[in-house]
Structure formats: C-alpha cells, structure tokens
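As the structure is a computational prediction, the values presented were derived from the model and not from experiment.
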Amino acid sequence: MPARLFGLFLLCMSFSLAAQPSAFPNRPLSIVVTTAAGGSVDAIARAIAADLGKTLGQPVVVENRPGANGNIAAQHVKTSAPDGHTLLMLSSSTFTLNPFVLERVPFNPEKDFVPVAMTAGLNMVLVVAPGAKAATLKELVAAMKARPGELNYGSSGNGSLPQVAAELLAIRTGTRATHVPYKGIAPALNDLLAGQIDFMFDSGTAMSHIQAGKLRALAVIGPNRLPIFPDVPTFKEAGVDGMEVAAGWHGIFAPAGTDAAIVDQLNAEINKSLRSAAMRERMNGMGFESVALPAAELGRALRQDLQRLGPIVKQAGITAY
C-alpha cells in the first residue's frame, strides 16, 4: 500500500476509534450524598459503594455535600459529565418536596436527572415520648382533638418529610398539633426522649430506642408492617387511611444524558448489592424496606410523588423558610 494511502487509512481508523465510547467504568466513581456522614442515606451509600467497587473494578468514593435540603449535592451532580462516573444519592424529599416548599430550586428533578436505582423504601414510624399517656394511635388522636394545638411534634426541619407526615395525619384526622422544627432528626429525637416534645415521625434513627423501650411506636406509614416491629400496625390497620402518601424512598440518580446502557449496568450491579443477605439485614435493622427494582420504577415513584405531594403541601401551608 502506498505510504499516502496507508496514512489515510490510519487517519480513518483513529476517527473510528475516537467515535466509539470508552468502556465503563474507566476511572473511579463518586456517589454524592445529600447528607452529612453518619446518617442513614450515607450508611447505605457506603455499603453500596463497597460492593460496587468490587464488581465494577474501580474505586467508588462517597462524597458528602450536605446543605440546602439536598440542593447543593443535586446541583453538583446536575453539572457533572453524564458518563456514569458521578452519581447522586438522596432521600426522596430533595426531589419530591423541594419544588413545593422552597422559593427556588436550581434543577428540575425529572429533566435534569435520570433514575438509576431505588435503594430503600421509607416506612416511617410514629413514636411518642416516654411519658406519653397515649398507648395507641386512637388515644393520641383523641388527645389532639381534646387539646387542639397543645401537643408538639418534632421534625428534621421545615419542609421535611416527617413534617409532611405529621401534617397529613392532622388533615386525615381533623386534628391540630404544633410543629417544632429542628436542624436534623437527631436533635429532634433527643428532645423527644427528654419529653420536650410529644411525638414525631422517624425512619431509622429511633429504632434502637423503640427496641429498648425508651420510645413507644404507635403506627407505621405502610402499606406494610416493618419486619423489625411486626406488632406495630400500619395507619390503615389502626383506622387512619391515606397516610401512605407520606412514604418515601432513597434513590440513586445520574445526570441527564447518561447512556442507557450505563444506567442498566449500574442498576443491575446496585440491585445485586441490595439483594444480598447482609444488605437486607442492615436495611431491616434500620427500619427500611430493602428494594431492588428496575430504574423505570424509580422514575415512576418520582412522578407519582410529585403529583400527590404538591396538593398536600399547599393545603397544609408547608414551607422550608
């Protein structure tokens, strides 16, 4: 082959190779978490990262970017390269409540991200203070009706899912209680244990205190009972319908434009981790429901929650400011 033609051949080959996508993954991955280290989202993210690192053959680092109800982490991932190497892990409220409770949200959860995997189902528990006279949900509702606005409930902050759950309970039962917002679920739980507030909704943090008898669990959001507390009824079983709207989830998302093949690969590997006996045991111990679903199911859950939570937030007048 003449040198001139051979050079042209090499040039064409270089263009062809450049046009082909690089194998995934070809460098370390990052799971950006919306919370500080030590919380439930962070704990699950680190367990998944450890498993992914083994199966993908690349290090997977958990990067905590707390603040602004999760918006800081979400904005960072939104502007990252859509190549599957930067992922976002969050509790559902960042995407399903922020658009309704904040004046400005720097992203569109449906347009700027693609669902990768749902990592846990949140089945929150209604817990009461150690000295509470209410031994059942019915008795707590009766106390709120008898003393409108006198009972206090805590939450992880204005515009949080625990606040939405408490306000939804008030709507469903025709009662009223006073909201006491905290900067996180841990300080709210401390005040509940000290008897400074009367009740709260929680997922994960209160489990050990319930088991130790320091708090009393009255009901779980549902639709199912928690394996760790099989004797605690769902709200529906206890006589209050419609509380399942306040059920949440944890999920992993990638920036919009991420290749579908990469999403499918990540979904398969993450679900493999979620199905392991060790992960299921960890999830149950934290009061979460272990799930392993196609990415499309996470997208469906997001759309459904956006449609049904908006009217509740408006009716209750909930804001994060």
Participant: Just by modelled atom types, is the Gln75 backbone N or O under 3.5 Å from a matching donor or acceptor in the Thr79 side chain?
Facilitator: yes
Participant: Any chance you could measure Glu269, atom CD, to Ile48, atom CD1, to the nearest 0.5 Å?
Facilitator: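 Those atoms lie 12.0 Å apart.
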Participant: Report yes if some heavy atom in the side chain of Asp259 is under 4.5 Å from a heavy atom in the side chain of Phe24; otherwise report no.
Facilitator: no
Participant: Taking all heavy atoms of Thr178 and all of Gly149, pick out the closest pair and write down the distance.
Facilitator: OG1-O, 2.6 Å
Participant: Work out which heavy atom in Ala68 is nearest to a heavy atom in Ile72; give both atom names and the distance.
Facilitator: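 It is CB-CG1, 4.0 Å.
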Participant: Can you tell me if CD on Gln304 sees more than 12 non-hydrogen neighbours from other groups inside 6.0 Å?
Facilitator: yes
Participant: What is the distance from atom CE of Met286 to atom CD of Glu281, rounded to the nearest 0.5 Å?
Facilitator: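 Reported to 0.5 Å precision, the distance equals 13.0 Å.
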Participant: State, yes or no, whether a side-chain contact exists between Tyr153 and Gln163 at a heavy-atom distance under 4.5 Å.
Facilitator: yes
Participant: Do His179 and Asn158 have side-chain heavy atoms sitting under 4.5 Å apart?
Facilitator: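 Yes. Closest side-chain heavy atoms under 4.5 Å.
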Participant: Which ring-ring contact (aromatic ring centres under 6.0 Å, His included) pairs, counting each pair once, include a residue from residues 86-141, with sequence neighbours left out?
Facilitator: Phe95-Phe107, Phe95-Phe113, Phe95-Phe253, Phe107-Phe113
Participant: Does a side-chain heavy-atom distance below 4.5 Å link Val77 with Leu87?
Facilitator: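 Answer no - side chains too far apart.
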Participant: Any side-chain heavy atom of Pro230 sitting closer than 4.5 Å to one from Arg225?
Facilitator: no
Participant: Determine whether Leu218 and Phe199 satisfy the following criterion, side chain to side chain contact (heavy atoms under 4.5 Å, CB included), listing intermediate values before the conclusion.
Facilitator: CA-CA 10 Å; Leu218 301 186; Phe199 67 92; over 6 Å; no
Participant: Where do Pro82 and Ala256 come nearest, in terms of heavy atoms and distance?
Facilitator: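 In this case the closest contact between Pro82 and Ala256 is CB-O, 3.4 Å.
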Participant: If you measure from CG on Asn69 to CG on Leu97, what distance do you get to the nearest 0.5 Å?
Facilitator: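 One gets 9.0 Å once the value is rounded to the nearest 0.5 Å.
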Participant: Got Ile252 and Leu298 here, is their nearest side-chain heavy-atom distance under 4.5 Å?
Facilitator: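 They are not in side-chain contact.
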Participant: With rounding to the nearest 0.5 angstrom, report the CG to OG1 distance, Leu266 to Thr258.
Facilitator: 8.5 Å
Participant: Side chains of Pro106 and Asn71, heavy atoms from C-beta outward: is any pair under 4.5 Å?
Facilitator: yes
Participant: For Ile221, which of Leu122, Asn123, Leu161, Leu126 qualifies under side-chain contact (heavy atoms from CB on, under 4.5 Å)?
Facilitator: Asn123
Participant: Could you state the interatomic distance from CE (Met89) to OG1 (Thr34), rounded to the nearest 0.5 Å?
Facilitator: 8.5 Å
Participant: Checking Ser273 now: which residues fulfil side-chain hydrogen bond (donor to acceptor under 3.5 Å, both in side chains) with it, not counting sequence neighbours?
Facilitator: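 For Ser273, the residues satisfying side-chain hydrogen bond (donor to acceptor under 3.5 Å, both in side chains) (neighbours in sequence not counted) are Asp51.
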Participant: Under the 3.5 angstrom rule, does the side chain of Arg46 hit a backbone N or O of Ala37 as a donor-acceptor pair?
Facilitator: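 No, because the side chain of Arg46 does not come within donor-acceptor range (under 3.5 Å) of the backbone of Ala37.
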Participant: Quick one: salt bridge (charged side-chain N to carboxylate O under 4.0 Å, His left out) pairs with a partner in residues 101-112, sequence neighbours left out?
Facilitator: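 The answer is Lys78-Asp112.
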Participant: Can you tell me if Ser290 uses its side chain to pair, donor with acceptor, with the backbone of Leu274 under 3.5 Å?
Facilitator: yes
Participant: Give the intermediate values and the outcome of side chain to side chain contact (heavy atoms under 4.5 Å, CB included) for residues Phe235 and Arg172.
Facilitator: CA-CA 11 Å; Phe235 274 90; Arg172 296 286 187 255; over 6 Å; no
Participant: Would Thr234 and Met243 satisfy side chain to side chain contact (heavy atoms under 4.5 Å, CB included), going step by step from the backbone distance to the final call?
Facilitator: CA-CA 9 Å; Thr234 65; Met243 288 297 293; over 6 Å; no
Participant: Heavy-atom distance under 4.5 Å between the side chains of Asp83 and Arg27, does that happen here?
Facilitator: yes
Participant: Which heavy-atom pair separates Val32 from Ala73 by the least distance, and what is that distance?
Facilitator: CG1-CB, 3.7 Å
Participant: Give me the other members of the hydrophobic cluster that Val125 sits in, counting Ile, Leu, Val, Met, Phe, Trp and Tyr linked by side-chain heavy atoms under 4.5 Å, directly or via other members.
Facilitator: Val127, Val180, Tyr182, Ile185, Leu189, Leu192, Leu193, Ile197, Met200, Met207, Ile210, Leu215, Val220, Leu226, Ile228, Phe229, Val232
Participant: Starting at NE2 of His85, measure out to CD of Gln58 and round the result to the nearest 0.5 Å.
Facilitator: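 With rounding to 0.5 Å, NE2 (His85) is 6.5 Å from CD (Gln58).
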Participant: Please give me the minimum heavy-atom distance between Arg216 and Ala135, naming the atom from each residue.
Facilitator: NH1-CA, 3.5 Å
Participant: With sequence neighbours excluded, tell me which residues meet side-chain hydrogen bond (donor to acceptor under 3.5 Å, both in side chains) with Asn271.
Facilitator: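 side-chain hydrogen bond (donor to acceptor under 3.5 Å, both in side chains) list for Asn271, sorted by chain: Asn267.
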Participant: According to side-chain hydrogen bond (donor to acceptor under 3.5 Å, both in side chains), who are the partners of Thr173, at least two apart in sequence or on a separate chain?
Facilitator: Thr175
Participant: List the atom of Leu306, the atom of Pro109, and the distance in Å for their closest heavy-atom pair.
Facilitator: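 Of all heavy-atom pairs spanning Leu306 and Pro109, the closest is CD1-CG, 4.4 Å.
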Participant: Starting from the C-alpha separation in whole Å, work towards a yes-or-no answer on side chain to side chain contact (heavy atoms under 4.5 Å, CB included) for Glu244 and Lys236.
Facilitator: CA-CA 9 Å; Glu244 294 89 350; Lys236 187 172 185 178; 4.2 Å; yes
Participant: Okay, side chain of Asn152, backbone of Asp198: is any donor-acceptor separation there less than 3.5 Å?
Facilitator: no
